[in-house]
Amino acid sequence: MLVTEKMKFDYDDIVKALNAESVAALCPPGFAGVSTDSRTIKSGELFFAIVGENFDGHEFIDAAITNGAEGVVVSNDYNTSDAAVFKVSDTTRALGDLASYVRDQHDIKCAAITGSNGKTTTKELFWACMNVRFNTFKTLGNFNNLYGLPLSIFELDKSHEAAVFEIGMNTFGEIDRLAEICKPQVGVFTNVGAVHLEHLGSIEAVAKAKFELINRLPQSGVAVLNADDPILAGWIGKLNQRVITYGINSDADYNVESYAFKGDGVSEFVLNGIKYKINFYGKHNIYNAACAIAGASAFGIKAEELPGSLASVKPYNLRSEIVNINDITLINDCYNANPVSMRAAIDTLSEYPVNGRRVAVLGDMLELGKDEIKYHEGIGEYLSRKRIDALFATGNLGKHFLNNFKGEFKAHYDNKDEMIPELKSYLKPGDCVLIKGSRRIALERITEQLRKGI
């Protein structure tokens, strides 16, 4: 395959990589890139007609060609004289096959990060660590699924010496497939918790799905494990690959000896005798940083090389952002939520140094299966245990947060627009507010409205 500073996909290599049937007479020499979106496709790119639960990319092939696609990958019959057509049995698998083919063209050091929480933040910190020594590529945003990971891989170029990929899952087989595509030598695990139970049923099943990454590592590979996580700690001593551990409460290879939180959203910690500062607040983010340091060591990078790089990383979009508005502190952590990450965020709220009240603005935690109400009630109890003063809740499941909450104020709102004026009226200078919920609840709208003035 021709690999240039901007990847070009040759026609013959597309046929080979996808094991595709070419069903159109038009045979351009190559394609400038790959797209799965007919609205943003660029001239000369190859369009994959992805079929999902709620969409069918075949409906947008004509639009893709009109917008400049020179080729299309389809699983249904399609004829045109305006673009090359490659027919495959499954367009999503074909997208991964092409990404795997591209990955094979790059002799790079590669790590894959998975876990129930903290993947994206850990990826950003890990990338900063790797960049000390190598020109390192990282997953675009949180492109960590069967569509996003391939699109990230297509951005690799000859200058890259290493890559850090984030991989996620909703059910069995996805981690296995993603690792098959990106071919890591190092597998990094943040934690295992109650996520995607709607599909997997139990935490044990979540662990089994995450273990698929171990099965894809070579014998010469390395597994980086959180020694404080009960499930991951149980893997230590049982894997064929070399294991590097990190933790706070355990005797780990990379052990956090002490930590402290500052009022400006900064956390400081000492790990193996070396002092670090990160622009992320909370114990869970210290775990993420320790994970990044341990992971980088698998590639020969020494811990003493990393304080400056870690201190340069800023919070990623909607994750652990600290925002100050008229002497009111917002902990903007509303990208996603599950019971483990929700408790970690509440810990941050309870520990943050403020003069006023501690207020939780929470939305539904989704995909928790048959015990979803119990998990929401448990968070209400946890809020009380951590002495949170007020609770503003929204969403169909959010009302169950209130059941066990005993703070000075609690209220549930059917929608965010009803909540916003009452929240603004309630808040006073000196208060600290946590905003957190699952992605589909879109609580960033509340943050946006508060930014406009309280």
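The shown structure was predicted, so the numbers you read here are calculated from the model rather than taken from an experiment. By convention here, the first residue in the shown sequence is residue 1.
- Using a 4.0 Å cut-off between charged nitrogen and carboxylate oxygen, Glu377 and Lys374 do not count as a salt-bridge pair.
- The pair Asp364-Arg439 fails the salt-bridge criterion, with no side-chain N (NZ, NE, NH1 or NH2) lying under 4.0 Å from an Asp/Glu carboxylate O.
- A salt bridge between Arg39 and Asp37 is present, with a side-chain N of the basic residue lying under 4.0 Å from a carboxylate O of the acidic one.
- Remark: Arg133 is not positioned above the aromatic ring of Phe299, lacking an NZ or CZ atom under 6.0 angstrom from the ring centre and at most 45 degrees off the axis.
- Here the rule is ring pair (Phe, Tyr, Trp, His ring centres under 6.0 Å) with Phe269, and of Tyr259, Tyr276, Phe280 only Tyr276 fits it.
- Although no hydrogens or angles enter the test, the distance criterion places a donor-acceptor pair under 3.5 Å between the side chain of Ser438 and the main chain of Ala337.
- Using modelled atom types, one finds a donor on one side chain and an acceptor on the other under 3.5 Å when comparing Ser159 with Asp157.
- Between Tyr352 and Tyr281, the ring planes lie tilted relative to each other; the angle falls in the 30° to 60° range.
- Relative orientation of the Phe9 and Phe154 rings is perpendicular, given thresholds of 30° and 60° on the angle between their planes.
- Comment: Lys87 engages Asp77 in a salt bridge, judged by a side-chain N to carboxylate O separation of less than 4.0 angstrom.
- When side chains are defined from C-beta on, Phe134 counts as touching Ile301, because their heavy atoms get closer than 4.5 Å.
- Thr121 and Asn288 form no side-chain donor-acceptor contact under 3.5 Å, judged by distance and modelled atom types alone.
- For the residue pair Thr394 and Asn415, no side-chain donor N or O sits within less than 3.5 Å of a side-chain acceptor on the partner.
- Closest non-hydrogen pair, Leu178 versus Asn144, comes out as CD1-O, 3.4 Å.
- Heavy-atom minimum distance, Asn249 versus Asp228: N-OD2, 2.8 Å.
- Salt bridge status for Glu381 with Lys386: absent, with no side-chain N to carboxylate O gap under 4.0 Å.
- Using a 30° and 60° split on the angle between ring planes, Trp235 and Phe189 fall in the perpendicular class, above 60°.
- Under the rule for a salt bridge (Lys or Arg N to Asp or Glu O under 4.0 Å), Arg385 has no partner lying at least two apart in sequence or in another chain.
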### Leu434 and Thr348: CA distance, side-chain angles, deciding distance, side chain to side chain contact (heavy atoms under 4.5 Å, CB included) verdict
CA-CA 9 Å; Leu434 166 68; Thr348 299; over 6 Å; no
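- Under the salt bridge (Lys or Arg N to Asp or Glu O under 4.0 Å) criterion, Lys208 pairs with no residue at all, not counting sequence neighbours.
- Crowding of Lys277 atom NZ: a count of heavy atoms from other residues, nucleotides or ligands under 6.0 Å not exceeding 12.
- Considering only heavy atoms from C-beta on, Asn145 stays 4.5 Å or farther from Met169 through its side chain.
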### Task
Using the side chain to side chain contact (heavy atoms under 4.5 Å, CB included) rule, take Cys110 and Val186 through it: C-alpha gap first, then chi angles, then the decisive distance, then the call.
CA-CA 7 Å; Cys110 181; Val186 174; over 6 Å; no
### Message
Could you go through Gln185 and Val222, starting from their C-alpha distance and side-chain angles, then the distance that decides it, and tell me whether this counts as side chain to side chain contact (heavy atoms under 4.5 Å, CB included)?
### Response
CA-CA 7 Å; Gln185 301 103 18; Val222 179; over 6 Å; no
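- Electrostatic pairing of Asp176 and Arg216 counts as a salt bridge here, judged by a charged N lying under 4.0 Å from a carboxylate O.
- Checking side-chain atoms of Ser75 against main-chain N and O of Val88 turns up no donor-acceptor pair under 3.5 Å.
- For the residue pair Thr114/Lys210, the side-chain donor-acceptor check at 3.5 Å is satisfied.
- With values rounded to the nearest 0.5 angstrom, Leu149 atom CG is found 11.5 Å from Glu174 atom CD.
- If you look at Tyr11 and Phe86, their ring centroids are closer than 6.0 Å.
- Proximity of a side-chain donor or acceptor of His284 to a complementary backbone N or O of Gly118 within less than 3.5 Å is not detected.
- Between Lys109 and Glu161 no salt bridge is recorded (no basic side-chain N to carboxylate O distance below 4.0 Å).
- Between Ala69 and Phe47 the shortest heavy-atom distance is CB-CB, 4.2 Å.
- Distance check: Lys436 NZ to Met342 CE gives 6.5 Å after rounding to the nearest 0.5 Å.
- For Ser202 (side chain) and Ala205 (main-chain N/O), a donor-acceptor pair under 3.5 Å exists by modelled atom type.
- Of all heavy-atom pairs spanning Pro184 and Ala179, the tightest one is CD-O, 3.5 Å.
- Side chains of Asn255 and Asn272: a donor-acceptor N/O pair is absent below 3.5 angstrom, by distance only.
- Proximity of a side-chain donor or acceptor of Ser250 to a complementary backbone N or O of Gly247 within less than 3.5 Å is not detected.
- Judged by distance alone, the side chain of Asn332 and the main-chain N or O of Ile322 form no donor-acceptor pair under 3.5 Å.
- Applying the 6.0 Å contact sphere to CG of Asn135 captures more than 12 heavy atoms from other residues, nucleotides or ligands.
- Note that CG of Leu146 is 9.0 Å distant from CG of Leu95, once rounded to the nearest 0.5 Å.
- Taking every heavy atom of both residues into account, Val224 and Cys291 meet most closely at CG1-O, 4.2 Å.
- Within a 6.0 Å sphere centred on CG of Asp251, heavy atoms belonging to other residues, nucleotides or ligands number 12 at most.
- If you take CG on Asp333 and CD on Glu444, they are separated by 12.0 Å, rounding to the nearest 0.5 Å.
- Separation of atoms CD1 (Ile293) and CD (Glu305) is listed at 12.0 Å; rounding is to 0.5 Å.
- Taking all atoms of both residues into account, the shortest heavy-atom contact from Ser267 to Phe261 is OG-CD2, 3.3 Å.
- The side chain to side chain donor-acceptor pair (under 3.5 Å) test applied to Tyr78 returns Asp62, not counting sequence neighbours.
- Checked by atom type and distance alone, the side chain of Ser116 pairs as donor or acceptor with a backbone atom of Gly193 at under 3.5 Å.
- Counted by atom type alone, Glu166 and Thr120 present one or more donor-acceptor pairs between their side chains at under 3.5 Å.
- Here the side chain of Lys123 pairs a donor or acceptor atom with the backbone of Thr139 at under 3.5 angstrom.
- With Asn279 contributing its side chain and Val266 its backbone, the two residues share no donor-acceptor pair below 3.5 Å.
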### Query
How far apart are the C-alpha atoms of Lys283 and Asp347, what are their side-chain angles, what is the distance that settles it, and do they pass the side chain to side chain contact (heavy atoms under 4.5 Å, CB included) test?
CA-CA 8 Å; Lys283 188 175 180 179; Asp347 288 343; over 6 Å; no
### Task
Applying salt bridge (charged side-chain N to carboxylate O under 4.0 Å, His left out), run through Arg177 and Glu180 and close with a yes or a no.
CA-CA 5 Å; Arg177 175 58 173 160; Glu180 180 185 27; 3.0 Å; yes
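- A distance-only check finds a donor-acceptor pair linking the side chain of Gln241 to the backbone of Leu217 [under 3.5 Å].
- Here Asn131 contributes atom CG and Ser309 contributes atom OG; the two are 7.5 Å apart, rounded to the nearest 0.5 Å.
- Proximity of Ile244 to Leu225: side-chain heavy atoms (C-beta onward) are nowhere separated by under 4.5 Å.
- With a 4.5 Å cut-off on side-chain heavy atoms, Thr122 and Lys119 do not count as touching.
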